[in-house]
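Computed over heavy atoms, backbone and side chain alike; hydrogens, waters and symmetry mates excluded.
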Amino acid sequence: MSVTNQVDKTRMMGTAAFKKEINHLLYSNSFTGSDGEFDAGWNCRDHALVMALMLKSGETYPKIASGKCMFVQGPFAGNPAFRIGQEDYFKSGHSWLIHAKFGLIDVSPYLQLKEHRFRVPFNGIFNRVWLPQGKERVSVVITNDPAGYVEEIEKANHAMHHSTAVYLHEDDAEVSGKLIESPFKFLNSRFSTEIKSRFGADFYPAVAKHLHDYVLGKADSLVSEGRVKAWGMVVDEFRK
């Protein structure tokens with residue numbers, strides 16, 4: 001592979017290739033918890049932390065927002081509305097990035113469900129823009145009010161031929177050196193527990209470095225590798 005320092009536009013954040021790469025490294029299988037809540041395996045805090053590491057500016061990291069989100073596909077062609085995310089009464093929540101320049105950044109949701117395929121491709125949300133931009137009708141709504149969250153989801157359920165991302169923004173977390181050195185209490189997921197036992201805290205900066213190099217065309221895609229092998233490869237490269 002030729003090594004360059006030029007951004008490969010086909011691999012930039014917001015492209016299908018970038019989303020596929022980060023998701024391959026940070027996803028888990030979906031499951032239903034003992035409380036009956038469905039977990040889609042997005043591992044949103046892991047995604048947000050890696051993106052924060054990638055987008056560090058000087059000594060400053062973007063903040064990690066927390067709350068809930070719901071992706072809603074309204075009725076179309078005789079098919080009923082479908083949604084995936086966190087209901088207002090769920091104990092679990094969602095996390096994403098708040099960047100000074102790019103606003104809301106969220107690349108963890110996976111919408112191409114086999115059971116109810118979203119019509120709209122999804123590479124992520126950057127500054128309230130659903131990417132990729134196309135002819136389909138999409139919108140991104142952010143509220144700080146739990147009642148407003150429920151109301152916006154209900155509106156989206158009735159929006160014909162329209163897909164909507166609804167966010168409930170409840171809190172922000174600072175990304176600090178202490179959090180990066182010891183992230184697992186913050187991450188608190190089955191995925192992060194497995195990562196802790198295999199690699200420790202080096203895993204997250206290792207993934208961030210791989211993605212940075214991938215965008216620059218300095219690292220090959222690991223999508224064709226098994227996930228455990230790919231994990232080991234990014235950590236080994238980071239520790240060289």
Side-chain angles (χ1 to χ4, degrees), residues 3-15 17-27 42-67 69 93-109 123-129 131 140 142 167 169-189 191-192 195-196 198-222 230-240:
V3 177
T4 72
N5 287 309
Q6 299 298 316
V7 172
D8 185 333
K9 292 184 178 180
T10 67
R11 297 179 169 196
M12 288 174 60
M13 293 184 299
T15 63
F18 180 86
K19 180 165 172 58
K20 194 173 182 180
E21 193 72 16
I22 190 171
N23 290 166
H24 180 64
L25 292 165
L26 298 179
Y27 263 168
W42 294 348
N43 296 320
C44 55
R45 287 185 295 274
D46 303 79
H47 278 76
L49 178 57
V50 166
M51 292 294 288
L53 292 170
M54 281 191 69
L55 293 171
K56 178 182 180 182
S57 178
E59 295 302 314
T60 304
Y61 295 94
K63 293 181 179 180
I64 295 178
S66 61
C69 77
H94 186 65
S95 293
W96 59 94
L97 214 60
I98 299 295
H99 189 276
K101 180 179 179 180
F102 301 114
L104 186 159
I105 298 176
D106 194 9
V107 297
S108 66
N123 296 341
I125 291 173
F126 292 80
N127 201 19
R128 298 199 184 191
V129 177
L131 296 179
V140 179
I142 305 172
Y167 285 83
H169 188 172
E170 297 180 310
D171 200 5
D172 292 329
E174 298 283 349
V175 177
S176 64
K178 183 178 180 181
L179 186 150
I180 294 165
E181 292 172 8
S182 183
F184 296 104
K185 183 177 180 181
F186 167 75
L187 295 171
N188 189 31
S189 65
F191 176 81
S192 61
I195 293 301
K196 182 180 181 180
R198 288 179 180 273
F199 306 108
D202 276 357
F203 176 78
Y204 296 96
V207 173
K209 180 181 184 301
H210 167 73
L211 291 169
H212 175 267
D213 290 347
Y214 174 73
V215 169
L216 291 178
K218 296 168 61 178
D220 290 323
S221 173
L222 298 176
W231 293 344
M233 290 171 71
V234 297
V235 173
D236 287 347
E237 182 64 26
F238 180 74
R239 291 174 176 172
K240 282 183 178 178

Measure the acute angle between the ring planes of His94 and Tyr167, then classify it against the limits of 30° and 60° as parallel, tilted or perpendicular. tilted

Is there a side-chain contact between [X] and [Y] in this structure, where contact means two heavy atoms from C-beta onward sitting under 4.5 Å apart?
X	Y	result
Glu21	Leu211	yes
Lys101	Leu55	no
Leu97	Ile64	yes
Leu222	Trp231	no
Leu187	Lys196	no

Would you say the side-chain atoms of [X] pair up with the backbone N or O of [Y], donor to acceptor, closer than 3.5 Å?
X	Y	answer
Lys19	Pro109	yes
His169	Ile142	no
Thr15	Thr10	yes
Arg45	Phe186	yes

Considering non-hydrogen atoms only, spot the tightest contact between [X] and [Y] and give its length.
X	Y	result
Ala201	Pro183	CB-CD, 3.7 Å
Asp202	Arg239	OD2-NE, 3.0 Å
Gly93	Cys44	O-SG, 4.3 Å
Phe238	Ala206	CB-CB, 3.5 Å
Tyr214	Ala219	CD1-O, 3.6 Å
Gly103	Asn127	CA-OD1, 3.8 Å

Tell me, yes or no, whether the heavy-atom count around Lys20 atom NZ, taken from other residues, nucleotides or ligands under 6.0 Å, exceeds 12. no

Pairing of Lys178 and Glu181 as salt bridge, 4.0 angstrom limit: no

For Asp213, is there an ion pair with Lys209 - N to carboxylate O distance below 4.0 angstrom? yes

Using 0.5 Å steps for rounding, measure from the [atom1] atom of [X] to the [atom2] atom of [Y].
X	Y	atom1	atom2	answer
Leu49	Asn43	CG	CG	12.0 Å
Ile180	Tyr61	CD1	OH	3.0 Å
Arg128	Asp106	CZ	CG	13.5 Å
Ser108	Met51	OG	CE	10.0 Å
His99	Met54	NE2	CE	10.5 Å
Ile195	Phe203	CD1	CZ	4.0 Å

By ring-ring contact (aromatic ring centres under 6.0 Å, His included) - contacts of Tyr204 (at least two apart): none

Return yes if a side-chain donor-acceptor contact under 3.5 Å exists between Ser189 and Ser192, otherwise no. yes

His47 and Asn23: side chain donor to acceptor below 3.5 Å: yes

Please walk me through it: do Met13 and Ile22 pass side-chain contact (heavy atoms from CB on, under 4.5 Å)? CA-CA 10 Å; Met13 293 184 299; Ile22 190 171; over 6 Å; no

Compute the ring centroids of Trp96 and Phe102, then answer whether they are less than 6.0 Å apart. no

